[in-house]
Amino acid sequence: MNSHTLLLLNSTIAQTLDYAAPILFAALCGVISENAGVVNIGLEGIMRFAAFFGVWGAAIAKNPWMGLLWGIALGIILGLMHGYITVKWAGDQIVSGIAINVMALGIGTYLLQAVFKTTGYSPPVPYFGAEVNRIHFAFLKHIPVLGAFSDLTFLVWLSLITVILIHFILYHTVLGLRIRAVGENPQAAETLGVNVFKIKWFAVITGSVSAALGGVALSLGTLSSFTNAMPMGKGFIGLAAMIFGKWTPFGALIASLIFAFAQVLQLLLQSTASGVAKMIPLGFYLSLPYFLTIGALIGVVGKAVAPAADGIPYKKEG
Amino acid sequence: MKALEVKNIVKQFPNVLANDHISLSIEKGEIFAVVGENGAGKSTLMKIIYGLYTPTSGEIYVFGKKVKIETPEDAIRLKIGMVHQEFMLIPRFTVTENIVLGDEPHRGMIFDYKRAVKEVRELSERFGLKVDPTDKVANIPVGIQQRVEILKILRRGAEILIFDEPTAVLTPEETEDLFKALRRLKAEGKTIIFISHKLKEVMTIADRIAVLRRGKLQGVVEKEKTNEVELARMMVGRNVVLEIPHVEAKIGKTVLSVRDLTVKNKRGIIGLKGVSFDVHSGEIVGIAGVEGNGQAELVNALIGFTRPVKGKIELDGKEIKLLTPYNLRTKGMVYIPEDRKRRGIVLPFRVRENIIMGQHTLYPFSKNGILNDSEINKFATKKLEEFDIRPRNIHVRGGNLSGGNQQKLILAREMSIEHKFLLASQPTRGLDIGAMEFVYKKLVEEKKKGIGVLLISLELSEIMGLSDRILVLYNGEIVGETTPDKTNEEELGLMMLGLKRQERVLQ
């Protein structure tokens with residue numbers, strides 16, 4: 001393999017992982033939350049909030065780690081909100097999710113102006129993608145495929161570790177068995193003495209934190225600022241990845257990588273287009289990942305089965 | 001020694017007084033039955049004992065100690081376990097996962113599945129309840145699923161086991177197995193509370209029997225000192241004659257003719273093999289058989305749910321080429337389904353909506369796509385009266401009616417559609433005596449009106465009492481044709497199990 005193709009291969013993989021991180025965090029939010037039976041379509045809004053507050057925190061402290069903490073705090077707060085409506089009061093999960101999304105849209109735009117006195121996008125702040133903050137493994141650099149892992153951001157590594165962590169929790173711990181039981185049949189879990197509400201609270205908040213990490217990965221990962229269009233449907237693509245991955249962490253990982261690769265491919269096609277391909281409007285390339293999302297879902301959604309009690313509010317009887 | 005004692009239990013729901021000062025005392029090591037019609041308050045009482053409902057007032061004593069049971073956790077701690085009517089199982093989990101959930105063997109945070117499997121295997125052997133611990137619950141039959149439920153509560157160290165209508169979903173063989181298991185548990189010193197409305201079963205298995213009616217305790221009797229007739233009277237509050245008056249059939253022309261009908265089941269296996277028979281106007285043809293011997297396939301083909309592999313169905317002398325539910329229903333067939341909650345009514349719909357379903361596009365209920373509320377209400381009010389559906393409120397949701405009233409609602413709807421043929425598939429499944437009596441009366445009325453009735457039932461007494469002709473279904477084939485006066489339950493039983501076969505000649 002000559003050094004040019006090697007570089008292209010490794011950089012394509014690295015770029016795919018970069019793009020995948022926000023989608024993956026969003027998908028994992030869905031995985032953990034829906035395995036406990038709570039749908040969280042508010043994750044799009046949670047990402048937006050976290051993306052903004054991450055930038056704000058990083059701007060104040062001149063340090064991306066503070067941004068990360070702010071983002072996580074926002075995730076917990078919004079998780080508490082979603083949980084308060086859907087777990088505590090057994091409210092409609094879709095309505096609560098939409099409320100979060102609408103709120104994020106308005107408040108995000110307002111705060112961008114109020115805090116940074118700009119519209120469109122915030123000024124650049126210290127971010128995880130900066131050379132000093134990246135995690136280097138120089139010895140991997142010239143090995144095919146593995147070379148892609150020689151120079152990644154902290155958040156990419158965290159997204160991959162989270163996959164393993166959530167897989168381990170769901171399928172190898174007592175807590176995970178109970179989470180899945182609550183998502184399948186909360187009445188059965190309740191009669192066996194499992195505290196359904198506690199489990200659901202845990203899943204909703206953990207999930208929201210994961211979505212928040214996705215938001216931070218958007219604004220402080222490879223970019224260094226908040227743009228007002230964030231997260232551009234990444235949250236919903238994450239939900240699609242969760243379904244495509246059949247509500248499992250590793251499934252979500254594979255789906256996120258496919259969707260992210262479509263984005264990378266779109267960039268590659270744009271930059272290398274020549275002849276007839278040049279005449280295809282830019283919009284087509286930009287919409288490629290979204291078409292792929294729809295296509296993948298049409299192909300797989302019939303076979304994917306959600307947890308049996310997914311989306312059904314749980315109320316204690318009597 | 002008293003295992004469980006309840007004193008003056010009252011449970012007031014918004015609209016009904018479900019339990020009205022009930023006091024019971026249950027001895028350790030006995031099988032204690034609680035009987036009553038649907039809605040008599042049996043399940044409510046048990047849910048109170050199990051901590052799923054909080055009583056309005058009253059006291060509970062477990063092994064002599066006064067206790068407060070506010071959650072199932074409390075009940076489990078007090079060694080009370082419950083096998084619910086609708087199983088509390090997770091189909092996607094394995095037998096082991098279902099049994100250990102909530103009290104999992106673990107090393108730190110980690111769930112020790114291997115040890116769990118071993119524990120389940122030991123438990124299953126100790127109580128003689130055979131299960132394969134690694135099977136997925138979705139793949140095992142109902143009878144085994146129930147064993148999983150029993151093991152689940154035994155593992156929690158249950159000394160008092162409550163069974164809420166445990167036989168409702170079982171085949172006769174599975175019921176036998178369950179009774180064997182119950183006797184073994186009794187021999188081990190466990191106390192069993194058995195809730196049922198099937199008097200025959202109660203008389204077989206129970207030591208003592210408590211009878212509830214409309215939330216009140218009617219009395220506790222010893223099995224040796226009572227009989228089914230007395231129990232039935234206590235349950236219903238009057239004499240019930242479950243003997244069905246015989247009405248001579250006036251047999252007319254053929255309304256349903258089935259020839260060489262072969263049908264695949266859900267799994268794609270042939271479940272009904274070349275079945276042929278006729279139903280004439282003015283007769284009831286009973287189909288006897290153990291569940292799963294082709295009944296579901298026959299019903300699904302007759303109502304147009306499954307397309308037959310081959311064969312012919314003629315309704316009122318005309319062959320139905322395109323077998324769709326709409327086609328069959330508009331050509332004179334009505335249907336009482338075996339599973340009323342799934343096929344019979346729409347649970348969240350109101351009575352007035354449920355009662356016109358299927359005719360909702362027709363005049364006078366609608367015109368140009370707009371529903372005529374006053375006509376619908378008028379019709380519904382009339383039918384409520386005619387079929388004695390309670391409460392007399394057309395705005396009640398279908399799901400809030402008792403089983404008996406749901407069934408009456410279905411009868412009211414189906415029988416008010418113009419028809420020549422009635423398919424009654426297990427029309428008394430899960431009903432109490434009062435409602436059963438009502439269904440029998442209506443079926444006989446149909447017959448008098450000259451309707452052809454096909455009755456599919458698992459209850460032999462029902463088949464023997466109602467039918468003018470009996471067909472026996474075994475392994476997807478008709479293995480015998482007879483009449484109630486030429487046969488008896490024993491002979492039918494042999495045919496149902498495939499031990500005896502009759503040659504039939506179709507004219």
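Residue numbers begin at 1 in each chain, while the letters A, B, ... track the order of the sequences.
In this structure, CZ in R343(B) is found 5.0 Å from CZ in F305(B), a value given to the nearest 0.5 Å. In this structure, CG on L177(A) lies 12.0 Å from NE2 on H106(B), to the nearest 0.5 angstrom.
Between F128(A) and W65(A), the ring-plane angle classifies as perpendicular under the 30° and 60° cut-offs. Aromatic ring pairs are classed by plane angle as parallel below 30°, tilted from 30° to 60° and perpendicular above 60°; the pair F137(A) and W157(A) is perpendicular.
For D112(B), no part lies near chain A; criterion is any non-hydrogen pair under 4.5 Å. The contact between L89(B) and chain A is made entirely by backbone atoms, counting heavy-atom distances below 4.5 Å. Contact annotation for R156(B): only side-chain heavy atoms (C-beta onward) come within less than 4.5 Å of a heavy atom of chain A. There is no contact between D74(B) and chain A, counting heavy-atom distances below 4.5 Å. Residue contact with chain A, scored on non-hydrogen atoms closer than 4.5 Å, involves the side chain of I76(B) exclusively. Contact annotation for Y113(B): neither backbone nor side-chain heavy atoms come within less than 4.5 Å of a heavy atom of chain A.
Residues meeting the ring pair (Phe, Tyr, Trp, His ring centres under 6.0 Å) test with Y171(A), sequence neighbours left out: H167(A).
Within the cation-pi definition used here (under 6.0 Å to the ring centroid, within 45° of the axis), K11(B) qualifies as a partner of F13(B). Figure legend: K136(B) and F93(B) shown without cation-pi pairing, the cationic atom not lying both under 6.0 angstrom from the six-membered ring centre and within 45 degrees of its axis.
Taking non-hydrogen atoms and a 4.5 Å limit, the residue list of residues 22-45 of chain A in contact with chain B is empty.
Chain B forms more heavy-atom pairs under 4.5 Å with one residue of G176(A), A308(A), A189(A), A188(A) than with any other, namely A188(A). In terms of non-hydrogen atom pairs under 4.5 Å with chain B, the most contact-rich of V174(A), N195(A), I169(A), N185(A) is V174(A).
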Show, in sequence, the C-alpha distance, side-chain angles and deciding distance for D164(B) and S43(B), and conclude whether the side-chain hydrogen bond (donor to acceptor under 3.5 Å, both in side chains) test is met.
CA-CA 7 Å; D164(B) 189 3; S43(B) 290; 3.2 Å; yes
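When side chains are defined from C-beta on, S23(B) does not count as touching L217(B), because their heavy atoms never get closer than 4.5 Å.
Between R92(B) and E97(B) there is no salt bridge, since no side-chain N of the basic residue sits under 4.0 Å from a carboxylate O of the acidic one.
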